[in-house]
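Step one of this worksheet: look at the structure below.
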Amino acid sequence: MVEPLRMLTREQRQRCMEEAGYNTFLLRSADVYIDLLTDSGTSAMSDRQWAGLMLGDEAYAGSRNFYNLEAAMREVYGYKHLIPTHQGRAAEHMISQLLIKKGDSVPGNMYFTTTRLHQELAGGTFVDVIIDEAHDPQSLHPFKGDVDLAKFQKLIDERGAEKIPYICIATAVNMCGGQPISVANLKEVYELAHRHGILVVHDMTRCVENAYMVKDHEPGYADRTITEIVREICSYTDIATMSSKKDHLVNIGGFLAVNDDELANKARNMVVVYEGLHTYGGMSGRDMEALAIGIRECVEYEHIKARVGQVQYLGKKLDDEGIPIVKPVGTHGVFLDAKRFLPHIDQDLFPAQALAAELYVDSGVRSMERGNVSAGRGPDGKHRRPALELVRLTIPRRVYTQAHMDVVAESVLEVYDNREQVKGLEFTYEPEYLRFFQARFKPVE
Ligand code: P61
């Protein structure tokens, strides 16, 4: 399938950006030339997946597509039970409500927006236990997703294990650039957690991408298949939340996976309240079929190599030109370092937000802020001012060509050359939850 692209003039894009309140989430997609907002639900499905859509069994209960999905999940990831959901945050909501009590601490290898919000809404407090290198865009550590075991141990000593229901481990950590966790580190995390009766919840949204990096960089894994590595990663975790809109190459879908029978029953009891019956959880039968096929396709080596290779291509191009980016380049996008790109803009005037807006005005390329706006306000009511102030150029899977990447790189260079002219932004509307999605801004004169 092809889709015509429309190229607006610079003046038209300037007007679109003003109307969107300087927030790329509020642009209309018809006004975007190359859409690197996200890799979530934006990948292209294969011929096999489209064929799967024709096999939808839309029975209310017990659809055969559900059983195909369950079998595919067990084959690739190895968890025992699958509770389907319409997307990842629904699984996060359920597991947070089921396991977190008011006053609990929930450690994790860097926050993710929706994950942390659901932990907070359940009464918990997120505690960052990722290694310091993850917060440094210039550190070349190959596994910036690793947990600092001393930080985790300190939290256990200070709070007591009974106040820590689980540690949340993301693979291919989104907020620091799509950075992998090593299998060796994860195994140690699992052993430490289990010595204290703490569960390990795996945000496996981009686990396959993480497995590819393990194969490429971690000693001892070069000859293992992607599926073998994914299975080993999952074996050091107890529960998984999944947004299938990423690795699984579908436009919508997700699930919660658990090994414990009793917890599975509780989650099934909850899914009927919020999502739908436990054999569809918000997805249609045809969605589940395309998803089952996507699970098997995404672990094919040629696919994942090409996917990560395209991201690395854009990263290298920008790095060669001296553009400040997060290094090493991760797996789902290239992240511009707005603090070094726009050093003249204070972080409370949202340099990454301003940079994403400027890039769109320059060329129609849509990206996403991942900095002070995304981080939100802390308990003291102040902007969190995270160490990482980034703009994410996220690459959908199987959609764009290398030529598109070249256009993106050209535009970034152009904006870099004129960076002194970019101004900071201030809020004109700030929503209470996940403010970055719907916030509006105006330039500060
Ligand atoms: C994304 F700006 N990610 O990266 P759902 N865990 C992880 C995700 O990456 C993720 C979810 C859980 C998106 C969409 C999105 O702040 C934002 O299926 C590691 O989106 O519910 C989603 O899965 C949630 C964009 C989400 C954002 C939150 O573009």
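First listed ligand is number 1; within each ligand, the first listed atom is number 1. It should be emphasised that the depicted structure is a prediction, and the values quoted were computed from it without experimental measurement. Residues take their numbers from the sequence shown, with the count starting at 1. Scope of the values below: all heavy atoms of this structure, side chains included, with no hydrogens, waters or symmetry mates.
Of the protein's heavy atoms, Thr113 OG1, 3.3 Å lies nearest to atom 17 (C) of ligand 1. Of all protein heavy atoms, the one lying nearest to atom 24 (C) of ligand 1 is Thr114 OG1, 3.6 Å. Taking atom 7 (C) of ligand 1 as the reference point, the nearest protein heavy-atom neighbour is Asp203 OD2, 3.4 Å. Residue, atom and distance of the protein heavy atom nearest to atom 11 (C) of ligand 1 are Phe112 CE2, 3.5 Å. Distance from atom 5 (P) of ligand 1 to its nearest protein heavy atom, with residue and atom name: Gln87 NE2, 3.3 Å.
When non-hydrogen atoms are compared, ligand 1 lies under 4.0 Å from neither the backbone nor the side chain of His93. Residue Arg370 touches ligand 1 through its side chain alone, judged by heavy-atom distances below 4.0 Å. At a heavy-atom cutoff of 4.0 Å, ligand 1 is contacted by both the backbone and the side chain of Arg89.
No heavy atom of His332 sits closer than 4.0 Å to any atom of ligand 1.
Near Met368, with a cut-off below 4.0 Å to any heavy atom, the atoms of ligand 1 are 2 (F), 25 (C), 29 (O). Taking every non-hydrogen atom of Phe436 and a distance limit under 4.0 Å, the qualifying atoms of ligand 1 come out as 2 (F), 16 (O), 17 (C), 27 (C). Each of the following atoms of ligand 1 lies closer than 4.0 Å to a heavy atom of Lys245: 18 (O). Listed by number with element, the atoms of ligand 1 under 4.0 angstrom from any heavy atom of Phe25 are 2 (F). The Thr38 neighbourhood of ligand 1 comprises atoms 1 (C), 29 (O), with distances under 4.0 Å to a heavy atom of that residue.
The residue among Ala90, Gly178, Ser243 with a heavy atom at the shortest distance from atom 18 (O) of ligand 1 is Ser243. Of the options Asn174, Leu434, Thr241, Ile252, the smallest heavy-atom separation from atom 9 (O) of ligand 1 is shown by Asn174. Around atom 4 (O) of ligand 1, the closest heavy atom drawn from Lys246, Glu92, Arg392 belongs to Arg392.
Asp287 and His86 share no side-chain donor-acceptor pair at under 3.5 Å. Checked by atom type, the side-chain pair Asp146/Asn109 shows no donor-acceptor distance below 3.5 Å. Looking at Ser182 and Asn185, their side chains never bring a donor and an acceptor atom within 3.5 Å of each other. Side-chain contact, Tyr79 with His202: a donor N or O sits under 3.5 Å from an acceptor N or O. Side chains of Thr115 and Glu92: a donor-acceptor N/O pair is present below 3.5 angstrom, by distance only.
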Evaluate salt bridge (charged side-chain N to carboxylate O under 4.0 Å, His left out) for Arg397 paired with Glu209, printing each intermediate quantity in order. CA-CA 11 Å; Arg397 298 163 190 78; Glu209 294 180 359; 3.0 Å; yes
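Distance OG/Ser244 to CE/Met204: 7.5 Å, rounded to 0.5 Å.
Taking the six-membered ring where the residue is Trp, the centroids of Phe350 and His383 are separated by under 6.0 Å.
Around CZ of Arg366, the count of heavy atoms belonging to other residues, nucleotides or ligands within 6.0 Å exceeds 12. Heavy atoms of other residues, nucleotides or ligands lying less than 6.0 angstrom from OH of Tyr274 number 12 at most.
If you run salt bridge (charged side-chain N to carboxylate O under 4.0 Å, His left out) between Glu300 and each of Lys305, Arg307, Arg48, only Arg48 comes through.
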